[in-house]
Amino acid sequence: LIEAFNSPSELSSDQIITASTWAFIMSGDIEKYEHTLDMVSVPAVDIEKYATELFGTNLPSIEHHTVGSGDVKFYYNADSKSYNIPVNPVMFSYKPDISAISKNGDIHTVEVKYIQETPSWMSNTTKYSKVYAKIVKFKLRKTETNYTINSMEVISVNSIN
């Protein structure tokens, strides 16, 4: 999850590249590219296409470079102007639970409660079954073909013990 923002124009290149690359991975389009072992090379312009689909056209100029941390990194190759992306990245994350949706004109406000991921042997216990790690409010703008993210606000963050 990227940091809160009031407008896509505030996003850093790291935030744009990371969110757009994950959108690309989740889209299933990764299968359209040639695989080399456990990686796929994706042109930076294709990642930029996902950025525009995700955030609209009000984006700052993107400075392409390697992003990520730990076991999941998206390596940028300046010579080929492409990203090397793991075919099957493994990352623990949150499970979204949409708790409210409202509409005002072409702006849709969506409140999402993120359920903390827990090991399977703990997920059936009352204490861990639906622990919300954070609550986030997104403002989305409806376009002709999809919705773009206009802003994101973190409503609350819970420390989980």
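- No side-chain heavy atom of Asp97 sits less than 4.5 Å from a side-chain heavy atom of Val112.
- Applying the salt bridge (charged side-chain N to carboxylate O under 4.0 Å, His left out) test to every pair with at least one member in residues 17-45, sequence neighbours left out, gives these pairs: Asp29-Lys32.
- In this structure, the side chains of Asp46 and Phe24 stay at 4.5 Å or more apart for every pair of heavy atoms.
- Scanning for side-chain hydrogen bond (donor to acceptor under 3.5 Å, both in side chains) contacts around Glu111 gives Ser99, with sequence neighbours left out.
- Looking at Asn158, its side chain does come within 3.5 Å of a backbone N or O of Tyr132 through a donor-acceptor pair.
- Between Ile101 and Thr109, the closest side-chain pair of non-hydrogen atoms is not below 4.5 Å.
- Considering all non-hydrogen atoms of both residues, Ser61 and Ser13 come closest at O-OG, 3.8 Å.
- A heavy-atom distance below 4.5 Å is not found between the side chains of Ser41 and Thr36.
- With sequence neighbours excluded, the residues forming a ring pair (Phe, Tyr, Trp, His ring centres under 6.0 Å) with Tyr76 are His64, Tyr83, listed by chain and number.
- With sequence neighbours left out, Pro60 forms a side chain to side chain contact (heavy atoms under 4.5 Å, CB included) with Ile16.
- Thr21 pairs by the side chain to side chain contact (heavy atoms under 4.5 Å, CB included) definition with Ile17, Ile25, Ile47, Phe74, Ile85, not counting sequence neighbours.
- Side chains of Val136 and Glu153 form no contact here, defined as non-hydrogen atoms less than 4.5 Å apart.
- In the hydrophobic clustering of ILVMFWY residues, with side-chain heavy atoms under 4.5 Å counting as a link, Leu140 and Ile98 come out together.
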Atom pairs and distances, side-chain donor-acceptor, residues 141-149, under 3.5 Å, sequence neighbours left out:
| residue | atom | partner | partner atom | Å |
| --- | --- | --- | --- | --- |
| Arg141 | NH1 | Asp106 | OD1 | 3.1 |
| Arg141 | NH1 | Asp106 | OD2 | 2.9 |
| Thr143 | OG1 | Thr145 | N | 3.4 |
| Thr143 | OG1 | Asn146 | N | 3.0 |
| Thr143 | OG1 | Asn146 | O | 2.8 |
| Thr143 | OG1 | Asn146 | OD1 | 2.8 |
| Asn146 | ND2 | Glu53 | O | 3.0 |

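- The distance from atom CD1 of Ile115 to atom NZ of Lys134, rounded to the nearest 0.5 Å, is 13.5 Å.
- Distance check: Ser7 OG to Met152 CE gives 13.0 Å after rounding to the nearest 0.5 Å.
- Put simply, OG on Ser151 and CZ on Phe5 are 6.5 Å apart, with the number rounded to the nearest 0.5 Å.
- In this structure, Ile155 shares a hydrophobic cluster with Ile135, the cluster being traced through Ile, Leu, Val, Met, Phe, Trp and Tyr side chains under 4.5 angstrom apart.
- Taken from NZ in Lys73 to OG1 in Thr18, the straight-line distance is 11.5 Å, to the nearest 0.5 Å.
- Evaluation of the side-chain hydrogen bond (donor to acceptor under 3.5 Å, both in side chains) rule for Ser12 yields Gln15 as partners, not counting sequence neighbours.
- When hydrophobic side chains of Ile, Leu, Val, Met, Phe, Trp and Tyr are connected at separations under 4.5 Å, Leu37 ends up as a singleton with no cluster partners.
- Taking 4.5 Å as the limit, every side-chain heavy atom of Lys81 sits out of range of all side-chain heavy atoms of Asn77.
- Residues meeting the side-chain hydrogen bond (donor to acceptor under 3.5 Å, both in side chains) test with Asp14, sequence neighbours left out: His65.
- Evaluation of the side-chain hydrogen bond (donor to acceptor under 3.5 Å, both in side chains) rule for Asn150 yields no partner, not counting sequence neighbours.
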Residue pair Leu54, Tyr50: steps toward the side chain to side chain contact (heavy atoms under 4.5 Å, CB included) verdict
CA-CA 6 Å; Leu54 200 56; Tyr50 276 89; 5.9 Å; no
I'd like to know whether Val72 forms a side chain to side chain contact (heavy atoms under 4.5 Å, CB included) with Trp22, so could you lay out the CA-CA distance, the side-chain angles of the two residues, the decisive distance to 0.1 Å, and finally the verdict. CA-CA 11 Å; Val72 180; Trp22 279 111; 3.7 Å; yes
